Amino acid sequence: MEVIAAMKLILTLAALMALTLSASAEDSTFDSKGVKIRYVTEGEGEAVVLVHGWMSDSTMWGKDATGKTKLVAPDGFQVVALDCRGHGLSDKPHEVKKYGAEMADDVIRLMDHLRIKRAHLIGYSMGAFIVAKVAARNPGRVLSIIYGGQAPLFTGNAGAHEIDVFAKLVDEGKGLGPYLMEFAPTGTQKLTLSQANSFAKLIYGSKDVRAFSAAGRSFKGLEVTERDLKKCQAPVLFIYGDMDVSRARIEEVNKLVGGDVKIVPNANHITALGKPEFGSTIVSFLLAHKSKP
């Protein structure tokens, strides 16, 4: 799992919503079993729920000049983007047990709150784990699924060295520079420890890193069985960069799950989101699987 937070400023999915320009999206919160969840909506029509990656937030899908989440919905769709618990403007519990499957349940509770019976689900990185859990537990609520930059977590697949390193450094409280040094994206300039610590302070200084750590440590709660996931008969798309560090695992899971595949050329886990092919492929998939009137 390639680090997302280190390059958060370039995470964008403006191309995804490039069909129509829009005014500012509606920004709201709701109570998800005692945890405040912030969400943003835009457009009218069939629902599309966007679930961001670990240590990111809803601005991953687009933001305005002030840094606030900005969504642009394709005609005929209502786009909904939430800040997962522990992220963005949502509440940030520090207990691992408050994450895991609860993050998937937040999606269903949000749909209930908005009176959405069924939705297209798009999850990127950690978001792919979350939407897979939603599909496995609530197959009847799903119109289609797009797994971006990752794949469902099957039983026994949770756990990653990246998360272990991050969580250990958070526990020690000595700075997150070593994390950036070890997990900087391929092709980026090597940093000294001093530089990395300074960069980490800039990135994480205003963030609740203990909440990030708890969320990362909870991924076992997002594991699904192949049998449960196959109960969801909704159309599936896997989309990822040809240089994504998770490519081999995604392709392995795709062989079991099935579905359409789009490989974005000359793109890694981070840069794939900004490629025109990423957004145009997703919009085409949504239009192809829009419910018939």
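Please read these numbers as outputs of a predicted model, since none were measured by experiment.
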Min side-chain heavy-atom separation [X]-[Y] under 4.5 Å:
| X | Y | value |
| --- | --- | --- |
| Thr29 | Lys36 | yes |
| Pro74 | Val79 | yes |
| Arg85 | Ser32 | yes |
| His94 | Arg210 | yes |
| Leu193 | Pro178 | yes |
| Ile37 | Leu110 | no |
| Val253 | Arg249 | yes |

Original post:
Are the side chain of Asp208 and the backbone of Gly86 linked by a donor-acceptor contact shorter than 3.5 Å?
Top reply: no

Rounded to the nearest 0.5 Å, how far apart are [atom1] of [X] and [atom2] of [Y]?
| X | Y | atom1 | atom2 | result |
| --- | --- | --- | --- | --- |
| Arg38 | Ser90 | CZ | OG | 7.5 Å |
| Phe154 | Glu226 | CZ | CD | 5.0 Å |
| Ile116 | Ile108 | CD1 | CD1 | 10.0 Å |

Transitive ILVMFWY side-chain link [X] to [Y], under 4.5 Å:
| X | Y | answer |
| --- | --- | --- |
| Met55 | Val96 | no |
| Ile163 | Ile130 | yes |
| Leu89 | Trp61 | no |
| Val142 | Leu229 | yes |
| Phe278 | Leu237 | yes |

Original post:
Considering residues at least two apart in sequence or located in another chain, which fulfil the ring pair (Phe, Tyr, Trp, His ring centres under 6.0 Å) criterion with Phe166?
Top reply: Trp54, Tyr179, Tyr204

**OP:** Only counting residues at least two apart or in another chain, list the ones meeting ring pair (Phe, Tyr, Trp, His ring centres under 6.0 Å) with Phe285.
**Re:** His289

**OP:** Start with the C-alpha gap between Lys255 and Glu251, add the side-chain angles, then the distance that decides, and say whether salt bridge (charged side-chain N to carboxylate O under 4.0 Å, His left out) holds.
**Re:** CA-CA 6 Å; Lys255 290 177 183 177; Glu251 293 174 347; over 6 Å; no

**OP:** State plainly whether the residues Lys231 and Asp228 are in salt-bridge range, i.e. N to O under 4.0 Å.
**Re:** yes

Original post:
Any idea how Phe212 and His87 line up, ring-wise: parallel (<30°), tilted (30 to 60°), or perpendicular (>60°)?
Top reply: tilted

**OP:** Please work out whether the ring planes of Phe30 and Tyr39 are parallel, tilted or perpendicular, with thresholds of 30° and 60°.
**Re:** perpendicular

Subject >> Trace of the side chain to side chain donor-acceptor pair (under 3.5 Å) decision for His269 with Ser125 >> reply: CA-CA 8 Å; His269 191 71; Ser125 198; 3.0 Å; yes

Original post:
Applying the side-chain hydrogen bond (donor to acceptor under 3.5 Å, both in side chains) test to Glu46, which of Arg118, Gln78, His120 qualifies?
Top reply: His120

Subject >> Check against side chain to side chain donor-acceptor pair (under 3.5 Å), Thr155 and Glu223 >> reply: CA-CA 5 Å; Thr155 303; Glu223 290 181 337; 4.7 Å; no

**OP:** Decide yes or no on salt bridge (charged side-chain N to carboxylate O under 4.0 Å, His left out) for Arg247 and Asp244, but give the supporting numbers first.
**Re:** CA-CA 5 Å; Arg247 178 173 177 173; Asp244 197 306; over 6 Å; no

